[in-house]
Structures are given as C-alpha cells and as structure tokens.
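Below is one structure; the comments refer to it alone.
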Amino acid sequence: MKRIYTLILGALAMVAVALVSAFIAMRLAIHGREAVVPPLIGLTVDQATESAASKGLHVTLENHFYSAEVPAGRILAQDPAPGSRVRRDWPIRITESLGGQRVTIPDLTGESERAATVTIRRLSLELGSVAHLATSGDPDVVLAQSPPAGASGADSPRVSLIVSDAASPTDPSAQQAYVMPSLLGLNYSTATERAAAAGLHLIVNPDVPTPGTAPVSGSPVTIATPTGQAIYNPAPTDAAPLPATPSTSGTISSQWPQAGRRVVRGDAVHISFSHSSGR
C-alpha cells in the first residue's frame with residue numbers, strides 16, 4: 001500500500017512539474033512575441049525603418065507635414081508612442097517632415113479640375129480629396145479649396161478641391177460648402193485653427209472609460225482647454241458619476257466627417273486622439 005501511495009505522489013508531482021513548465025513556456029512564448037516601440041522622432045525614414053526592424057516591427061509612412069522645427073526628411077510624429085509594448089510585426093505609423101513651407105498655396109478657384117491638378121503637381125504639391133457639388137453654374141469648375149489660396153501657414157502639401165457638377169443644385173447651402181480638411185496627425189491647437197478657417201468646430205469624442213467609471217447622461221459638457229473649447233457629448237446612461245474630461249493631448253487618430261467630404265460652415269467635426277497603443 002505504501003508503494004502505491006509513493007507512486008501516486010510521484011505521479012502527482014510529475015503532473016505539477018509539467019503544468020508549471022507549460023505555464024512558464026506559455027508566458028515566455030507570449031512575451032517573446034512582444035516588442036517595445038523604439039523612439040523614431042528625429043530619425044530619417046531609413047534610420048526609422050532599420051530601428052523598427054531591429055525590434056521585429058515595421059514602419060508605415062502615412063503623412064507628410066510641414067514643420068519649422070523638424071528638418072525635412074526626418075520623422076515628425078509616430079504612433080504607437082515610444083516605450084509602448086506591442087506584438088511583433090506591429091506597424092508603427094510615422095509622419096515625415098517636409099521642413100518649412102516654401103510654396104504658397106495657389107488660387108485654383110475658377111479652373112477646371114484638370115488644370116487645377118496640373119498646377120498643384122507643377123508646384124510639387126499633392127492633390128488631396130476631390131468632391132463634386134451640383135450647381136446651376138458651369139460644370140467642371142473649382143468652387144472651393146483647402147487650404148485656401150495664399151495660405152502660408154499650411155501644415156500639409158495636400159490640396160483638396162470641390163468641383164462643380166452640371167446637375168441642378170439640391171442644397172440651398174451649396175454656396176457655403178467647403179472641402180472637409182484632413183485633421184489626422186495634428187495636435188488639438190493646429191486642428192482647431194484649421195477647422196475654424198472653414199467655420200467648423202470640433203467635438204472631442206470621449207476616451208474609453210476606465211473600470212469603475214461610466215459616462216453620464218444629460219446635456220453636452222463644454223470643456224475649456226488651453227487652446228480653446230471642446231464639446232463633450234456623452235452617450236446617455238443611468239450612471240451618475242461625471243466621467244473624466246476627454247484628453248486633447250497627443251495627435252488626432254480619427255475624424256468624422258472624413259477628409260474630402262462636403263461640409264457647411266457651422267458643422268461639427270468629431271475627433272479622437274491617439275494614445276499609447278495596446279497589444
């Protein structure tokens with residue numbers, strides 16, 4: 001009988017050791033597939049690519065912006081932020097600096113879409129979104145553009161257009177229409193200025209609530225920030241506690257309406273900010 005107990009205890013011990021070993025191996029495997037995002041800001045695209053590859057990651061060049069502080073060809077912004085822990089082969093989105101703006105945005109209103117495109121490319125600018133708007137006037141005429149003509153403080157070389165169509169107008173506010181500018185990758189201050197140029201205002205989407213907190217029902221909350229005001233409009237719930245103020249730090253990761261859509265002066269633009277990426 002004693003021999004049987006000894007065998008049983010030995011078998012249980014072996015099972016326990018096997019389970020512990022499997023748990024440790026699983027933990028090592030999981031963490032072995034993780035990587036810490038390196039700092040890329042200030043590097044060239046080639047240097048950033050090499051640095052990311054050394055961590056098992058890769059870079060995706062998403063935007064080009066003008067910058068008076070960061071030299072041309074250097075990384076201006078990145079997402080996820082340095083130090084974030086992500087899965088291997090995770091893409092790091094980067095924005096390349098074009099240096100200071102050297103080209104004044106031309107006046108394209110009144111030109112055809114093709115002529116405006118030729119002008120944009122001749123000045124080494126980029127054609128952004130092109131939206132078409134029904135009007136009673138001549139077709140194929142640029143009605144509006146973003147950034148506006150003569151802008152010397154543009155943050156991007158991308159120029160978006162609204163071009164007329166031949167159909168009869170169906171929207172009485174058509175003459176007040178603008179091309180929705182892209183706010184992605186901008187900070188709150190710059191985005192506010194860019195939206196205000198078209199008579200738009202920003203609404204900051206709430207951050208994901210932390211455990212134990214919930215949005216509160218009721219009227220929208222206007223939040224004062226160092227650069228202006230943002231309107232927080234939480235979804236109705238039965239919870240009573242007031243949630244944390246939505247953060248306007250970091251860079252804008254999403255917007256609605258999307259860039260290139262037709263918007264009217266006074267419209268609201270919903271934006272969200274990127275934070276350190278999860279796994």
Side-chain angles (χ1 to χ4, degrees), residues 60 62-65 76-81 91 93-95 128-133 144-148 151 153-156 158-162 171-174 176-210 213-239 241-278:
T60 300
E62 287 204 337
N63 284 307
H64 299 83
F65 287 111
L76 181 63
Q78 71 174 88
D79 184 43
R93 300 190 297 271
I94 59 174
T95 298
S129 301
V130 179
H132 291 265
L133 178 67
Q145 65 182 79
S146 177
D155 49 37
S156 170
R158 190 174 294 113
V159 181
S160 297
L161 307 173
I162 286 183
D171 186 352
S173 62
Q176 299 176 345
Y178 294 86
V179 176
M180 178 65 220
S182 174
L183 307 179
L184 301 182
L186 305 182
N187 58 35
Y188 181 74
S189 176
T190 303
T192 300
E193 294 175 1
R194 188 165 185 177
L200 309 173
H201 63 278
L202 304 182
I203 293 181
V204 181
N205 291 335
D207 295 332
V208 177
T210 55
T213 64
V216 63
S217 61
S219 301
V221 179
T222 300
I223 302 161
T225 70
T227 54
Q229 290 185 333
I231 299 176
Y232 175 36
N233 192 5
T237 72
D238 295 329
L242 185 66
T245 300
S247 173
T248 56
S249 62
T251 57
I252 294 175
S253 59
S254 66
Q255 69 176 75
W256 183 263
Q258 298 173 340
R261 297 292 184 91
R262 185 178 68 85
V263 292
V264 177
R265 180 175 293 275
D267 280 356
V269 182
H270 296 259
I271 57 174
S272 298
F273 287 84
S274 64
H275 303 288
S276 296
S277 289

So how far is it from Q145 CD to L161 CG, rounded to the nearest 0.5 Å?
7.0 Å
OG1 of T60 to CZ of R93: how many Å apart, nearest 0.5 Å?
8.5 Å
Tested for side-chain contact (heavy atoms from CB on, under 4.5 Å) against D155, the lone hit among N63, L183, L186 is L186
Measure the spacing between CZ of R158 and OG of S129 and express it to the nearest 0.5 Å.
8.0 Å
Measure across P91 and P80 and return the closest heavy-atom pair with its distance rounded to 0.1 Å.
O-CD, 3.9 Å
Qualifying residues under side-chain contact (heavy atoms from CB on, under 4.5 Å), relative to A151, sequence neighbours excluded:
I105, P147, P148
For the residue pair A268 and P257, what are the closest heavy atoms and their distance?
O-CD, 3.8 Å
State the CZ-CG distance between F273 and N187, to the nearest 0.5 angstrom.
8.0 Å
Among residues at least two apart in sequence or on other chains, which ones pass side-chain contact (heavy atoms from CB on, under 4.5 Å) with S253?
S272, S274
Correct closest heavy-atom pair for S156 and H64 would be OG-O, 3.7 Å
When rounded to the nearest 0.5 angstrom, what distance separates NE2 in H270 from CG in L202?
10.5 Å
May I have the step-by-step check of side chain to side chain contact (heavy atoms under 4.5 Å, CB included) for V204 and Y188, ending in yes or no?
CA-CA 10 Å; V204 181; Y188 181 74; 4.1 Å; yes
Going by side-chain contact (heavy atoms from CB on, under 4.5 Å), name the residues that satisfy it together with L184, two or more places apart in sequence or in a different chain.
S182, I252, Q255
For A77, all residues meeting side-chain contact (heavy atoms from CB on, under 4.5 Å), sequence neighbours excluded
T95
